[in-house]
Amino acid sequence: MRSTRRQFLGAAGGAMMLGGGFRFLSALAPVSAEEAQLHPSLVRLGDDIEPTVRLLEETPPERVLEEVATRIRNGTLSYRQVLAGLLLAGVRNVQPRPQVGFKFHAVLVINSAHLASLNSPGSDRWLPIFWAIDRFKSAQSETAKTSGWRMSGVDESKVPSGSKAREAFIRAMDAWDEEAADAAAAGLARACSRDECFELFARYGCRDFRDIGHKAIYVSNSFRTLSAIGWQNAEPVLRSLAYALMKYDGENPSNSDQPADRPGRRNAELIKKIRPQWQDGKPDAKATSHLLSTFRTGSTEDCPAAVVEALNDGISAASVWDAILAASGELLMRKTNILTLHSVTSSNALRFAFESAADPQTRLLLLLQNAAFVPLFRQAVGKMGAVEVDQFEPATGEEKHTVDEIFETATHDRMEAARKALSYLDQAHQAEDLMRTARRLVFLKGNDAHDYKFSSAVLEDYYHLSPDWRNRYLAASLFYLPSSGAPDNALVGRIRSALGEKGA
């Protein structure tokens, strides 16, 4: 079912229609900012959530949006329940193998969809969640056809007691012992706090470069969603996460020296050379520029070493993150493809983990690993263009560029759209106006999980960059954000039909 923008927005032309809102959503009560924030204590995995999980699991794809919409309209299903049900149905029905990606994006993208909801007007907040439901049903069907996999119950005889769960998990992960890690993950969920578990999973999520950063992405996104729906739902999620982190090909990594593991092993030793007071460093834009230059040509050894030198010279970690995020955005500008996109989204996940972890050693490992991931992405991409994120010029001319014009230009010239965006942002315009349009274009045009993952990552990290770098970083995102001239997706029309609105 495909509807034109005129049909389901009832307005004319391009980005102007975005300002009118998605009127068909008026059939549902708006999601308040308070409800979208989700207090963890409000959602329990039990009799109140199992029906939602089963609804998502058992309803045919062609009916699931309609069934969910009906329950939302009659007040028997809330935003909180849908979000919790999505995550739990995803980990129970979608296998994170053979790659932590592809169909498993149905799980990876849930937090991104939630972030898109949080940052949208109340009237729009259902759209990303309905999109995620549709994505889950596709992944569930694909898993059923290819492997028939579903998460089985844990072997209770092997679940370690509370006092032994942490050591058992570390031992299993270090040995890449999948069965032992599954049981230990269940033990962690039952005995340890979210923060205790996050420290462990964050370290193992960044230890290797397999699956182009998806392991780190899954760690951050799953814990972020658990923070929203409640830690009482953690056990199946942690088991799925441990299973994903165990993915490797060939010989057991504990008994071999594979390229994907070498940076992590080197960086674990390199941490010892960093001064104890590294967290007291000062911001330095020149140091960021120097690091960015290193990231353009340096190896997986050079880049972490440059970070260590900067920290020991009294440079703040924030300035290092400026360089890492800018380098990731620059890779996207130099060659826009699935690899450079994941340089951006994995950097977002690793930065979040860095900010969330408490152990200084965990934080340093995350920082150095991200510094090593940038050249790994660069090497994987191969030949690229020569554009530099700190050197490209804003668009010239006396006319003042508008948000509508920027996204229309992106339809045919991404570089010029980035230049116009930089001019717009440098003229002290509100970045939120550009972001608001970007989100709505994702809702209207997005057809892939990466549209949600990328936009949520970039729009979030804008606020984590220093003022010297944030405008250029956001402007660089025009190389991937949906343009206003891109084809509309079919799903918005289907949601409109599910909510019972007749054609305009």
Side-chain angles (χ1 to χ4, degrees), residues 96-113 115-116 135 139 202 205-222 224 241 244-245 247-249 259-261 263-264 295-296 300 303 321 323-354 366-385 389 414 442 446-462 464 473-474 476-482:
R97 298 284 184 89
Q99 291 88 24
V100 189
F102 293 92
K103 66 181 180 298
F104 198 66
H105 275 104
V107 176
L108 297 175
V109 79
I110 291 172
N111 180 70
S112 300
L115 289 180
R135 186 70 185 86
C206 75
R207 71 171 166 179
D208 66 283
F209 189 66
R210 295 176 183 86
D211 294 289
I212 57 173
H214 279 120
K215 292 183 179 183
I217 291 169
Y218 189 19
V219 170
S220 288
N221 284 6
S222 61
R224 294 181 78 166
L241 183 54
L245 299 187
K247 190 264 178 176
Y248 68 88
D249 297 309
D261 301 304
F295 288 139
R296 288 181 179 131
T300 56
C303 295
W321 279 111
I324 289 174
L325 294 174
S328 296
E330 182 176 285
L331 288 179
L332 188 80
M333 297 178 74
R334 295 174 70 184
K335 190 167 186 176
T336 307
N337 65 15
I338 199 68
L339 288 170
T340 54
L341 177 148
H342 282 95
S343 181
V344 173
T345 56
S346 62
S347 292
N348 168 263
L350 290 163
R351 182 212 55 78
F352 171 82
F354 175 87
L366 290 158
L367 184 62
L368 296 188
Q369 282 293 84
N370 206 158
F373 282 13
V374 172
L376 285 170
F377 277 112
R378 191 188 70 236
Q379 294 163 16
V381 171
K383 187 177 181 180
M384 295 185 291
V389 70
R414 293 286 183 172
V442 169
N447 284 299
D448 188 89
H450 297 101
D451 294 317
Y452 279 91
K453 284 174 57 187
F454 176 79
S455 60
S456 290
V458 167
L459 302 185
E460 178 179 68
D461 280 337
Y462 171 84
H464 292 100
Y473 179 76
L474 184 56
S477 71
L478 267 295
F479 274 74
Y480 192 85
L481 289 171

If you take all heavy atoms of [X] and [Y], which pair is closest and at what distance?
X	Y	result
Met333	Ala476	SD-CB, 3.4 Å
Thr300	Pro263	CB-CG, 4.3 Å
Phe295	Arg378	O-NH1, 2.6 Å
Leu241	Ser222	CD2-OG, 3.6 Å
Asn370	Trp321	OD1-CZ3, 3.1 Å
Leu366	Ala202	CD2-O, 3.8 Å

Under 3.5 Å, side chain of [X] to main-chain N/O of [Y], donor-acceptor pair present?
X	Y	value
Ser220	Ile217	no
Lys103	Arg97	yes
Arg296	Glu330	no
Asp211	Val100	yes
His342	Leu339	no
Ser328	Ser343	yes
Asn221	Leu108	yes
Lys215	Lys247	yes
Asp451	Asp448	yes

Side chain proximity check, [X] to [Y], heavy atoms < 4.5 angstrom:
X	Y	result
Leu350	Leu367	no
Phe352	His464	no
Tyr452	Leu115	no
Leu245	Val219	yes
Lys453	Asn111	no
Phe377	Ser346	yes
Leu481	Ser455	yes
His450	Ile338	yes

Roughly how far apart are [X] [atom1] and [Y] [atom2], rounded to 0.5 Å?
X	Y	atom1	atom2	value
Ser456	Asn348	OG	CG	8.5 Å
Phe479	Arg414	CZ	CZ	9.0 Å
Tyr218	Phe104	OH	CZ	3.5 Å

**OP:** Just do the side-chain contact (heavy atoms from CB on, under 4.5 Å) check on Leu474 and Asp461 with the steps written out, would you?
**Re:** CA-CA 9 Å; Leu474 184 56; Asp461 280 337; over 6 Å; no

Subject >> Proximity of Phe373 and Phe209 rings by center, below 6.0 Å >> reply: yes

Subject >> OH (Tyr248) with more than 12 external heavy atoms under 6.0 Å >> reply: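 For Tyr248, atom OH is crowded (more than 12 foreign heavy atoms under 6.0 Å).
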
Subject >> side-chain contact (heavy atoms from CB on, under 4.5 Å) partners of Thr340, counting only residues at least two apart >> reply: Leu331, Leu332, Asn337, Val381

